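So the structure is just underneath, and the comments pick up after that.
One-based numbering, in listed order, for ligands and for the atoms of each. All heavy atoms count here, side chains included; hydrogens, waters and symmetry mates do not. Since the structure is predicted, the reported quantities are computational estimates derived from the model, not experimental observations.
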Amino acid sequence: MIPFASIALLAVAAQSPPPAIHLNQIGFLPDGPKRAIVATNSDAPLDWRVVDTAGKVVASGRTQPGGTDEASGDRVQIVDFSTLAAPGEYRLAIAGAESRSFAIRPGLYGPLAKGALNFFYQQRAGVPIEARYAGGDRWARPAGHPREVATCFKGRDPRGTDWPGCADPVDVTGGWYDAGDHGKYVVNGGIAVWTLLNLHEVTGAFPDKSAALPEAGNGVSDLLDEARYELEFLLKMQVPEGTRTPLPIGHQRGGGAMNPTMVDAGGMAHHKIADANWTGLPMRPADDREARLLYPPSTAATLNLAAVAAQGARIWAKIDPAFAAKCLDAAKRAFAAAERNPEVYAATAFTGSGSYGDGDVSDELFWTAAELFATTGDPAYRTALTRSPHWNDTPDREPSWGGTATLGTITLATLPGIDPAIGTHERTRITALADRFLADRDRAGYRLPYGGTRYPWGSNGAILNRGVVLGAAHKVTGDAKYRAGMIDAADYVLGRNPINQSYVAGFGWKPLANPHHRFWAPSLDPSLPGPPPGTLSGGANNTAFADPVARQSEGKCAAQRCYADDVRAFAWNEVAVNWNAPLVWVAAYLDRPAAQ
Ligand code: 9MR
């Protein structure tokens with residue numbers, strides 16, 4: 001007779017659900033690592049098999065238990081079938097569960113890189129989006145804001161600060177919309193342009209005619225064509241020489257009106273051009289009837305402009321010397337303007353658009369000095385660089401729109417011809433940072449190079465920016481472990497996560513479908529298209545439950561589960577140029593032969 005307790009145990013075992021298998025839904029490169037994570041309620045190792053389409057077992061083994069993972073709340077086990085290299089279609093079977101079919105083949109990341117780059121074309125303001133470049137009629141739309149000649153915010157902001165407006169309207173037509181909204185922000189545009197230009201410098205990816213773009217066939221890299229579309233806009237955001245205007249200096253925290261001081265703002269950059277009030281969803285860009293306003297210059301925006309204009313100056317030096325000269329002049333003037341006005345923090349009280357406020361611009365200064373030094377070799381920029389608090393600090397975070405010092409480090413570490421004393425110093429720092437991310441990866445239940453249980457707004461962008469750092473470390477050392485770490489970042493974003501979500505539209509069996517976007521909003525208006533393939537969601541965020549969907553889960557979700565593929569979830573499911581850019585970088589880098 002079986003004792004009662006054993007019957008109960010058997011019943012529990014019989015009821016226990018099969019393990020949930022999580023893996024990269026686009027598949028695996030033949031020469032890359034191949035790992036799946038299974039969530040189970042058992043801590044004992046499990047047998048697994050990989051079977052081909054004929055049902056033949058081509059690999060088998062036992063899982064490595066990974067314990068309880070705080071970021072997901074799951075008990076995880078690792079399946080490692082990296083030794084399987086033969087291209088084909090396979091399934092993974094484990095303890096009564098079977099995965100969907102996945103591929104092992106070369107070239108997996110090429111279409112992803114292409115789609116991710118096309119996102120930027122689709123976000124272009126000022127020009128009609130044409131079906132032949134956008135991937136079909138559904139994504140075609142008339143130009144949004146085709147003639148953006150704007151004047152500055154004038155009057156009192158909600159904090160009570162009185163802004164004088166500006167003398168003449170400025171033509172700031174063009175550039176990319178930032179995200180699901182129609183704002184165009186210099187700060188975020190800066191890191192996105194840098195990322196595309198850096199990809200060009202590191203890999204030469206996307207030669208002419210490799211992408212679907214109006215400029216394809218002009219003899220210039222398509223990646224540069226796309227980045228230039230935004231760079232030209234950023235140049236237009238620069239304040240004319242000789243402009244005097246009152247701006248708040250220093251941290252003016254607290255609720256009341258700020259106390260602006262008259263400054264020479266010539267060479268600074270307006271922080272943003274955006275709608276005076278938030279517009280509703282859905283909305284085609286061409287239907288936006290809100291007033292469009294330029295917002296006061298900030299030191300951070302000025303340095304963003306200076307950094308990418310300096311980068312552009314060296315990149316276009318041979319391709320288009322006149323444009324390169326224009327970029328260099330703008331960069332130098334912007335740097336000088338930031339030195340003159342080092343503490344004009346962005347005013348954040350305005351309504352109707354994102355604030356991209358940043359109370360520490362020492363990292364932007366380091367980044368800009370790095371770019372200007374790389375371009376000119378001028379000792380003055382070298383001094384600015386080596387005197388910066390960031391010269392000898394120990395970075396532990398990925399680059400982000402508000403933390404840009406590492407962008408300068410990547411440039412100095414990877415660019416040929418940099419003074420060896422500087423280059424070596426920065427190569428040591430970038431590999432040390434990449435090693436930290438690998439250590440995070442080794443501790444993470446889902447083996448992504450991101451640690452802890454705090455997932456920020458746009459965590460997928462943060463994770464992919466860690467991929468960029470790992471890629472830079474791979475570039476300078478040739479060590480395969482860094483490339484493997486990039487693949488771990490890609491694996492997470494493409495489905496190896498507790499909710500089986502591919503955060504990229506058009507890729508995987510559960511792709512992003514309902515981003516927070518005014519035009520790609522079929523759940524609000526069935527005549528509108530879904531997100532084009534290659535669009536990345538910001539992803540899990542347990543640090544700001546700012547939208548109505550997220551709010552319902554506050555305090556109730558493990559970090560990686562604080563997500564819903566819902567158009568209303570702007571804190572979880574928006575798209576943005578600074579997140580899609582590292583997706584382009586990582587996918588394009590992984591599309592190259594491993595030995596490069
Ligand atoms: O990416 C930004 C994130 O770091 C901030 O926490 C958040 C709130 O200020 O804003 C995010 O950026 C948004 C911007 O303000 C407006 N356009 C959409 C951006 C992505 O959600």
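Atoms of ligand 1 lying under 4.0 Å from any heavy atom of Asp181, numbered from 1 in the order shown and given with element: 16 (C), 17 (N), 18 (C). Those atoms of ligand 1 that come under 4.0 Å of a heavy atom in Ala179, given as number and element, are 17 (N), 18 (C).
Judged purely by distance below 3.5 Å, without hydrogens or angles, the side chains of Glu398 and Thr406 never pair a donor atom with an acceptor atom. Residues Asn198 and Thr195 have side chains that never bring a donor and an acceptor to within less than 3.5 angstrom of each other. Side-chain contact check for Gln25 and Ser502: no donor-acceptor pair (N or O, by modelled atom type) lies under 3.5 Å.
Scanning all protein heavy atoms for the shortest distance to atom 9 (O) of ligand 1 gives Ser355 OG, 4.6 Å. Ranking protein heavy atoms by distance to atom 8 (C) of ligand 1, first place goes to Trp457 CZ3, 3.8 Å. Protein heavy atom nearest atom 2 (C) of ligand 1, with residue, atom name and distance: Trp401 NE1, 3.6 Å. For atom 12 (O) of ligand 1, the closest heavy atom belonging to the protein is Tyr356 OH, 3.2 Å. In this structure, atom 17 (N) of ligand 1 lies nearest to the protein heavy atom Asp178 OD2, 2.9 Å. The closest protein non-hydrogen atom to atom 20 (C) of ligand 1 is Trp579 CH2, 3.6 Å. With respect to atom 15 (O) of ligand 1, the closest heavy atom belonging to the protein is Gly354 CA, 3.1 Å.
Comment: Arg124 does not engage Glu230 in a salt bridge, judged by the lack of any side-chain N to carboxylate O separation of less than 4.0 angstrom.
When distances from atom 6 (O) of ligand 1 to the protein are checked, a heavy atom turns up under 4.0 Å.
Aromatic ring pairs are classed by plane angle as parallel below 30°, tilted from 30° to 60° and perpendicular above 60°; the pair Tyr177 and His145 is perpendicular. In this structure, Phe519 and His517 have tilted ring planes: the angle between them lies in the 30° to 60° band. Aromatic ring orientation, Phe366 versus Trp391: tilted (interplanar angle from 30° to 60°).
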Handout entry: ring pair (Phe, Tyr, Trp, His ring centres under 6.0 Å) between Tyr185 and His271, worked out
Key = CA-CA 6 Å; Tyr185 306 83; His271 196 65; 7.7 Å; no

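Taking any N or O of Glu574, backbone or side chain, at least one lies under 3.5 Å from an N or O belonging to ligand 1.
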